[in-house]
Structure formats: structure tokens, C-alpha cells
Number of protein chains: 2
Amino acid sequence: MFAIGEASRQSGVGIETIRYYEREGIVPKPERASNNRRMYSPQDIGRLRFLKKCRELGFPLADARTLLKLSEGDSEDCQSVMDLAEHHVLNVRDKIKELERLEAALIELTANCDSGNVSCPMLSQLRTR
Amino acid sequence: MFAIGEASRQSGVGIETIRYYEREGIVPKPERASNNRRMYSPQDIGRLRFLKKCRELGFPLADARTLLKLSEGDSEDCQSVMDLAEHHVLNVRDKIKELERLEAALIELTANCDSGNVSCPMLSQLRTR
DNA sequence: CCTTGATCCTGTAGTGGCTACAGAAGTTAT
DNA sequence: ATAACTTCTGTAGCCACTACAGGATCAAGG
């Protein structure tokens with residue numbers, strides 16, 4: 001059993017974040033030692049690591065929570081996992097498209113800018129109605 | 001002079017957002033009519049439209065504010081505008097890269113998933129230490 | 001004139017997902 | 001014994017809005 005600092009080190013999840021996950025009911029409340037300190041089992045730390053990976057993959061915390069539950073359920077509902085993941089991939093692709101659109105727009109806006117200009121073409125463009 | 005609803009319609013900036021920009025000092029406080037209602041000049045509405053465009057380009061609000069000030073300053077500091085824009089483009093590119101990395105990772109994770117599986121390959125992978 | 005509905009006002013709280021304190025108490029190392 | 005570390009609870013801040021609540025005011029129709 002490990003104190004929260006050690007659990008944080010082993011899982012890569014910050015101390016404050018671990019307590020936050022507990023408050024939010026994302027992970028079960030850990031045991032407490034006689035001095036009131038949280039004590040984490042290897043399984044608890046496994047959960048934190050799982051959540052960390054989900055978050056690194058960009059899943060919303062609510063999804064990460066769902067995936068954790070699916071992972072601990074009796075039957076692994078592969079279909080539900082895939083649905084979540086595919087929905088998330090679609091979101092990611094949408095974001096990529098949006099950012100590429102932004103990138104192109106920004107490049108076009110700054111295309112005619114150079115330091116010698118009296119009036120800035122980008123500002124002019126932003127002012128047009 | 002226009003009431004806030006009309007200013008919102010003309011600028012595309014939501015009513016609550018307009019009041020928020022005022023609270024935050026992003027835009028100057030508008031005149032008030034005798035009944036205490038905010039009254040917006042065409043110039044005020046122009047500012048809101050300017051901010052809207054900046055936000056649509058993904059600039060943080062603080063940058064949008066800076067751009068607005070640059071736009072209203074005596075000399076248009078094209079260099080400062082470019083610096084802001086280029087910094088922002090770099091951020092956008094970083095985000096794109098990160099999202100592409102996520103997309104690839106998600107696809108790989110779900111590659112071996114299909115509905116007939118007893119245990120889910122993606123969950124197994126997320127559980128590995 | 002009266003009602004209905006739209007608009008506006010202020011102030012506050014919620015979103016997501018942490019992160020950063022403050023102030024107290026306990027633990028560990030020298 | 002003292003210093004330095006860790007943990008505890010509780011609260012507030014981040015970004016950029018968004019969504020109320022509860023009240024005042026206004027415009028249009030009957």
C-alpha cells in the first residue's frame with residue numbers, strides 16, 4: 001500500500017488530480033491509514049494509470065471513466081469501447097480539419113505583411129465588414 | 001445607436017459575451033440610454049466584429065484584445081501583428097501534430113477490435129503497465 | 001388602459017479538467 | 001529538537017464563455 005505521493009509517482013497522475021478524481025467519483029475512495037492518509041493498492045494505482053492513458057489519448061474524462069468501468073466489468077463490451085473510440089476519432093479529425101482551416105486562413109492573412117508597411121494588411125482585413 | 005440585442009445580431013457576438021467583454025475591459029463601456037440600457041455605436045459594433053473574427057481565427061482573447069488595440073493605435077505596428085500571428089500559427093501547427101498523433105494511436109488501438117471478441121484488445125492495451 | 005411577450009438589467013454560478021494555493025497536522029532525517 | 005518533507009481539508013483560479021434567477025422596462029395588440 002502506498003501513500004498518495006508514491007501513487008502519483010507510479011501512475012504519473014498528479015497528487016491534486018488524484019484527489020480530484022476521488023471527489024468526482026472517477027475512482028473509488030482509497031483506504032485510509034490510521035493517521036487519515038490515503039493508502040493506495042497496486043490495483044488503485046493501475047486504475048490511475050489507465051485513466052492517465054485515456055487522457056493522453058484525448059478522451060474526455062467522462063469517457064475515460066466509462067472505459068475504466070468497461071474494463072472492470074464482467075464481460076468486456078468491445079463494441080461499446082469501439083463506439084466510444086470511433087466517436088472520439090471523429091472528433092479528433094474534425095478538430096484537425098478546423099485547425100488546418102485556421103492555419104490556411106492565418107497564412108493568407110499574413111501573406112502581404114512585412115515590417116515596412118504603413119498600414120497592416122491583416123488588420124485591414126480584420127476590420128472589413 | 002443600437003441596443004445590445006441589435007449589436008449582437010450585427011456583430012455575431014452573443015449578448016452575454018458582449019457584456020463579458022465589457023466586464024473584462026476588452027471593449028470600452030458603451031453609452032447608456034436614459035433607461036440604463038447599453039447603446040452601441042457603429043464603431044462599437046465594428047470592434048465586436050473585429051473581436052469575433054480574431055476569435056474565429058483561434059486567437060486567444062488576450063491576443064484579440066491586443067490586435068484590437070493595435071488596430072486602433074496611431075501607427076499600425078505590422079511587425080507586432082505578424083509576431084502575434086506567427087506565434088499563433090506555430091501553436092496551431094503543434095496542435096495539429098498532436099491530434100494527428102492521437103488519431104494514429106487510436107486507430108492502432110482499435111485495429112484488432114471487433115464485436116465478436118471476448119476480451120477487448122484496446123482495453124488490454126490500456127491496462128498494460 | 002391593460003395585458004402579453006420581448007428585451008434588457010445585475011449578479012451569480014456552472015462548464016472541463018485540472019492546478020495552485022493557505023493553513024494545519026503529521027512524518028522523517030539529521 | 002529541529003528542519004524539511006508530506007499529507008490533509010477547503011477554497012479559488014484558469015479560459016472564454018454560457019446559463020440562469022429575479023427584476024425592470026418596452027412595444028404591440030385588444
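Throughout, protein chains are lettered first and strands after them, A, B, ... in sequence-line order, and every chain is numbered starting at 1. Atoms considered below: every heavy atom in the structure, side chains included; atoms not considered: hydrogens, waters and symmetry mates.
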Pairs under 3.5 Å (N/O, protein and nucleotides 1-4 of chain C):
none

Would you kindly give the CD1-to-C1' distance between I26(A) and dG16(C), to the nearest whole Å?
-> 11 Å
Listed partners of E24(B) passing side-chain contact (heavy atoms from CB on, under 4.5 Å), at least two apart = Y20(B), I26(B)
Using the side-chain contact (heavy atoms from CB on, under 4.5 Å) rule, take I96(A) and V92(A) through it: C-alpha gap first, then chi angles, then the decisive distance, then the call.
-> CA-CA 6 Å; I96(A) 290 173; V92(A) 168; 4.0 Å; yes
Which residue, N35(A) or P60(B), contacts DNA chain D at a nucleotide closer to its 5' end, judged by nearest heavy atom?
-> N35(A)
Atom CD of E108(B) with >12 non-hydrogen neighbours under 6.0 angstrom | no
Given atom CD of E56(A) and atom C1' of dC18(C), what is their separation to the nearest angstrom?
-> 15 Å
Derivation of the side-chain contact (heavy atoms from CB on, under 4.5 Å) call for C113(B) and M122(B) | CA-CA 7 Å; C113(B) 282; M122(B) 174 159 159; 3.9 Å; yes
Do other residues, nucleotides or ligands put more than 12 heavy atoms under 6.0 Å from E31(B) CD?
-> no
Is it true that a side-chain atom of R55(A) and a backbone atom of F59(A) form a donor plus acceptor pair closer than 3.5 Å?
-> yes
If only atom types and distance count, is the side chain of S8(A) paired as donor or acceptor with the main-chain N or O of I4(A) below 3.5 Å?
-> no
Atom-to-atom span, CD of E31(B) to C1' of dC9(C) - whole angstrom | 18 Å
Keeping the roles fixed (side chain from T17(B), backbone from V13(B)), state whether a donor-acceptor pair exists under 3.5 Å.
-> no
Distance in angstrom units between I18(B) CD1 and dC8(C) C1', rounded | 12 Å
Cluster link F2(B) to I15(B), ILVMFWY, side chain under 4.5 Å = yes
Under 4.0 Å protein heavy-atom contacts per nucleotide of nucleotides 20-25 of chain C, with B for base, S for backbone only and - for none = BB----
Whole-Å distance between dT19(C) P and I15(A) CD1?
-> 12 Å
Span of DNA chain D, from the first to the last nucleotide whose atoms fall under 4.0 Å of chain A heavy atoms = dT6(D) to dT9(D)
What pairs meet the salt bridge (Lys or Arg N to Asp or Glu O under 4.0 Å) rule with one or both residues in residues 4-20 of chain A, with sequence neighbours excluded?
-> E6(A)-R9(A), E16(A)-R19(A)
Within this structure, what is the CZ-to-P distance between R38(A) and dG26(C), rounded to whole angstrom?
-> 16 Å
Note: E98(B)-R101(B) ion pair, threshold 4.0 Å (strictly below) | yes
Would you say the side chains of S41(B) and D44(B) form a donor-acceptor pair under 3.5 Å?
-> yes
Roughly how many Å is it from OH in Y20(B) to P in dG14(C), rounded to a whole number?
-> 18 Å
Can you sort out which residues in residues 1-12 of chain B have a heavy atom within less than 4.0 Å of DNA chain D? Ascending by number, please.
-> none
Using a 4.0 Å heavy-atom cut-off across all strands, classify F59(A) as base, sugar-phosphate, or nothing.
-> nothing
For the student: nearest non-hydrogen atoms of A85(A) and T110(B), plus distance | CB-CG2, 3.5 Å
A64(B) to F50(B) - nearest heavy-atom pair and separation = O-CE2, 4.2 Å
